[in-house]
Amino acid sequence: MLKHLLKNVAGGPVTIQGPAASTEAVEELAARLQKLTHTRLGKGLVFREIDAGSCNGCELEIHALNNIVYDLERFGFRFAASPRHADVMMVTGPVAKNMKEALFRTWDAAPNPKWVVAVGDCACGTGVFAGSYACVGKVADVVPVDLHIKGCPPRPIDLLAGLIALIESTVAPAEKKAS
Amino acid sequence: MSETTSLSSLLDQIGKPVEGHRPWPRIAADRKGWSSLIAAMAGNDWTLLGLWGEPKAVHVAVADVPAATYAVVSLDCPERSFPSFSAVRPGAIRLERTAQELFGLTAEGLTDPRPWLDYGWWGVRQPLAETPLEPDPNPPRYEFLPIDGEGWHQVPVGPVHAGIIEPGHFRFTCNGETVIRLEERLGWVHKGVDSLLKGATIENAAKLAARLSGDATVANSIAFARAVEAALGIEVPPRAVWLRAMMGELERIANHLGDIGSVCNDAAFAFMLAEFHGLRELVAQANWDSFGHRLMMDRVIPGGTLVDLSIGAATRYDELAKTLRSRVAGLVHIYDTKPSMLDRTVTTGTVSLELVNSFAASGHVGRASGRDFDSRKTPGYPPYDQLEFRVPVFQDGDVNARVWVRIREIEESLKLVEQIVSKFLEKDFAGDDRLVSEVPAGVGGEGIAMAEAFRGEYLAWVRIGADGLIQRCHLRDPSWFQWPVLEASIEGNIVADFPLCNKSFNCSYTGADL
């Protein structure tokens with residue numbers, strides 16, 4: 001194992017350079033700058049991932065963010081086990097009605113200020129499961145969404161570009177719709 | 001029950017084959033015939049491969065694997081009631097609970113008649129019945145199995161788990177650290193797949209099948225495509241047949257790499273997670289460059305494949321296979337020489353051959369406990385009849401055995417990738433460059449097929465109308481028969497070993513929740 005580790009050190013990093021903030025994400029976030037409160041997100045963001053009915057494809061790519069190639073933590077991001085420790089809810093899936101309450105409660109358990117990122121076509125309302133009796137249709141129908149990252153599933157590099165836009169922005173969290 | 005009765009002779013007795021169902025026969029049985037099949041199953045080891053409902057019918061897929069007999073048996077039930085298989089095949093329990101809830105059928109004598117997928121939140125009951133019902137304003141409270149005795153406590157986990165993982169509820173009943181019972185409560189990610197498939201075009205249905213379980217998207221697509229091709233009598237171009245196998249093996253390799261790393265991580269050996277997930281990423285990147293999708297989603301389509309394999313990509317996969325073989329071997333040596341690692345996997349989460357057989361638990365779960373079944377070999381499908389590979393089988397049935405099945409399967413799949421690559425490099429398709437055969441319009445039919453994913457075989461059954469639309473399609477994830485075995489695997493182990501057991505199984509929540 002020692003030999004293996006030495007070889008890894010000598011071989012240089014396999015981690016790729018981080019992408020620039022995604023243009024679409026910057027635009028989506030900028031659209032709300034009128035309501036700006038200049039809440040700086042600081043230098044780190046903690047995520048809580050919630051699968052609200054995905055096919056698990058999005059989870060595979062979110063997992064990949066943690067691998068040695070994308071190495072999410074160097075940007076100040078990490079995943080927490082509890083919503084109590086999280087700033088950002090990363091939500092996948094068309095929101096299966098069976099998960100609606102669990103999604104809301106997990107979001108509700110996170111302290112303010114908090115942000116929501118809808119990950120994948122299903123979460124954004126354009127996936128293949130929308131329209132079924134068993135699905136709400138999109139994440140924004142249940143909790144306020146700050147950023148949409150499309151793709152089926154979005155690649156880790158696309159996820160990273162969107163998340164970097166979020167941390168670089170100064171946008172206040174989206175407000176919850178009166179319901 | 002006489003041991004001399006074979007499944008095929010019983011099938012002859014219980015009904016007539018329905019026309020237009022391929023490639024297995026579908027026998028239309030009456031109640032007496034259906035019941036005699038149940039009675040016969042009690043006295044032998046035939047396999048129940050699936051069970052699914054319709055508004056006024058129920059179907060069961062059965063096999064006598066050693067005799068290579070595979071069939072679907074159907075029962076018309078205008079009274080919406082059918083005798084249950086649950087007493088003779090426990091794997092039928094959750095499938096029958098699902099048929100009851102989605103179609104309003106009644107499984108007579110069902111050993112566990114509690115609800116399964118319906119939590120009362122759909123705004124409709126029996127959504128696929130001829131006449132769906134209004135929602136129940138006061139849905140009954142779900143009763144977990146009763147616990148009797150002293151000194152026990154319960155640990156409820158989920159539906160939202162601590163990691164980046166699908167939702168499900170696990171209720172552990174423990175005595176001190178030791179788990180005395182795990183009960184699963186699933187269905188949280190039920191998306192109504194069967195209802196979306198009904199009336200869909202073949203193209204849209206293929207997209208849904210590709211997303212039944214994203215980690216096994218290729219296998220699902222192959223199973224669905226082959227069922228459609230059987231129903232409509234489509235012959236797939238040889239090049240596409242080999243491309244499918246290529247993608248199927250790459251998917252198997254990627255998932256096994258990820259799961260071995262994750263099992264080690266659950267024993268706090270984070271180095272292995274970093275290494276194995278780094279290797280998995282190499283496969284995903286090659287897939288993106290070669291097939292235009294990291295998971296190869298929607299690349300297998302009814303009639304053939306969407307994409308080809310270029311000479312450059314074939315060479316790259318050949319090199320990747322060699323890299324992976326040597327790097328996996330180094331990591332496996334580390335895994336197998338770390339007592340602190342093996343202490344967590346050896347004798348942990350043991351399941352017996354008897355148990356996996358009773359549920360027909362397939363894939364690495366079955367093969368780690370001595371159940372030698374792989375749908376690439378039996379009943380088999382092309383091009384695996386032209387490829388050389390072994391199906392590794394272990395006997396211990398513990399987490400370690402499931403890790404070793406995965407290790408050996410990676411090695412076998414790498415050999416398969418190399419064999420397939422050489423077929424492409426030698427341009428061995430007699431100049432036939434076709435990737436896809438036309439899906440004929442205006443014909444209907446019924447088809448069934450299986451495809452072996454990394455976790456076991458996916459079964460797809462489809463009925464297509466003359467208008468080319470899907471009338472009914474059932475996709476059966478192998479997890480249906482593995483989840484119940486996971487419940488048993490943790491008995492007598494400590495709570496802290498559950499993540500290792502769970503990851504060594506890696507059942508699909510979405511695939512079984514439909």
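Order of the sequence lines sets the chain letters (A, B, ...), proteins ahead of strands, with each chain counted from 1. All figures in this text were calculated on a predicted structure; none of them were measured in a lab.
The part of B/Leu295 that comes within reach of chain A is its side chain, from C-beta onward, which places non-hydrogen atoms under 4.5 angstrom from that chain. With a threshold of 4.5 angstrom between heavy atoms, A/Val14 does not approach chain B through any atom at all. Neither the backbone nor the side chain of B/His333 comes within contact range of chain A; no heavy atoms are under 4.5 Å apart. Both the backbone and the side chain of A/Pro153 come within less than 4.5 Å of a heavy atom in chain B. Only the side chain of A/Phe79 comes within contact range of chain B, judged by heavy atoms closer than 4.5 Å. Contact annotation for A/Tyr70: only side-chain heavy atoms (C-beta onward) come within less than 4.5 Å of a heavy atom of chain B. Only the backbone of A/Ala130 comes within less than 4.5 Å of a heavy atom in chain B; its side chain stays farther off. Heavy-atom distances place no part of A/Ser82 under 4.5 Å from chain B, backbone and side chain included. Looking at A/Ser54, the atoms closer than 4.5 Å to chain B (heavy atoms on both sides) all sit in the backbone: N, CA, C or O. The parts of A/Cys152 that come within reach of chain B are both its backbone and its side chain, each placing non-hydrogen atoms under 4.5 angstrom from that chain. Looking at A/Arg48, the atoms closer than 4.5 Å to chain B (heavy atoms on both sides) all sit in the side chain, from C-beta outward.
Within residues 280-292 of chain B, the residues having any heavy atom under 4.5 Å from a heavy atom of chain A are, by residue number, B/Arg280, B/Glu281, B/Gln285, B/Trp288. Taking 4.5 Å as the heavy-atom cut-off, the residues of residues 188-202 of chain B that approach chain A are B/Trp188, B/Val189, B/His190, B/Lys191, B/Gly192, B/Val193, B/Ser195, B/Leu196, ordered by number.
Rounding to the nearest 0.5 Å places OH of A/Tyr133 at 5.0 Å from CG of B/Leu128. Between the NE2 atom in B/His161 and the CD atom in A/Glu49 there is a gap of 12.0 Å [rounded to 0.5 Å]. Rounding to the nearest 0.5 Å places CG of B/Leu273 at 8.0 Å from CG of A/Asn66. Taking CG from A/Asn98 and CG from B/Asp513, the interatomic distance works out to 8.0 Å, rounded to the nearest 0.5 Å. Rounded to the nearest 0.5 angstrom, A/Asn56 CG and B/Asn506 CG are separated by 8.0 Å. Atom-to-atom distance recorded for A/Glu59:CD and B/Tyr509:OH is 11.0 Å, nearest 0.5 angstrom.
Here the side chains of B/Ser262 and A/His63 are not in contact, with every heavy-atom distance at 4.5 Å or above. With a 4.5 Å cut-off on side-chain heavy atoms, A/Cys55 and B/Met297 count as touching. The side-chain heavy atoms of B/Glu275 and A/Asn8, taken from C-beta on, include a pair separated by under 4.5 Å. A/His4 is listed as a side-chain neighbour of B/Leu331, based on a closest heavy-atom distance under 4.5 Å. The shortest side-chain heavy-atom distance between A/Leu5 and B/Phe271 falls under the 4.5 Å cut-off. By the 4.5 Å heavy-atom criterion applied to side chains, A/Met99 and B/Val160 are counted as neighbours.
Ranked by heavy-atom pairs shorter than 4.5 Å toward chain A, the options B/Pro167, B/Pro159, B/Ser508, B/Pro132 are led by B/Pro167. Counting heavy-atom pairs closer than 4.5 Å to chain B, the top residue among A/Pro156, A/Gly127, A/Pro83, A/Pro94 is A/Pro156. Of the listed residues A/Arg105, A/Met90, A/Glu61, A/Lys100, the one with more heavy-atom pairs under 4.5 angstrom with chain B than any other is A/Glu61. With chain A as partner, the option from B/Arg294, B/Lys338, B/His293, B/Glu166 having the largest number of non-hydrogen pairs under 4.5 angstrom is B/Arg294. When the candidates B/Ile165, B/Asp215, B/Ile164 are compared by the number of heavy-atom contacts under 4.5 Å with chain A, B/Ile164 comes out ahead.
Annotation for B/Arg125: atom CZ counts as buried by contact number, over 12 foreign heavy atoms lying within 6.0 Å. Few gaps surround CZ on A/Arg74; more than 12 heavy atoms of other groups in view lie less than 6.0 Å from it. Within a 6.0 Å radius of NZ in A/Lys97, more than 12 heavy atoms belonging to other residues, nucleotides or ligands are found.
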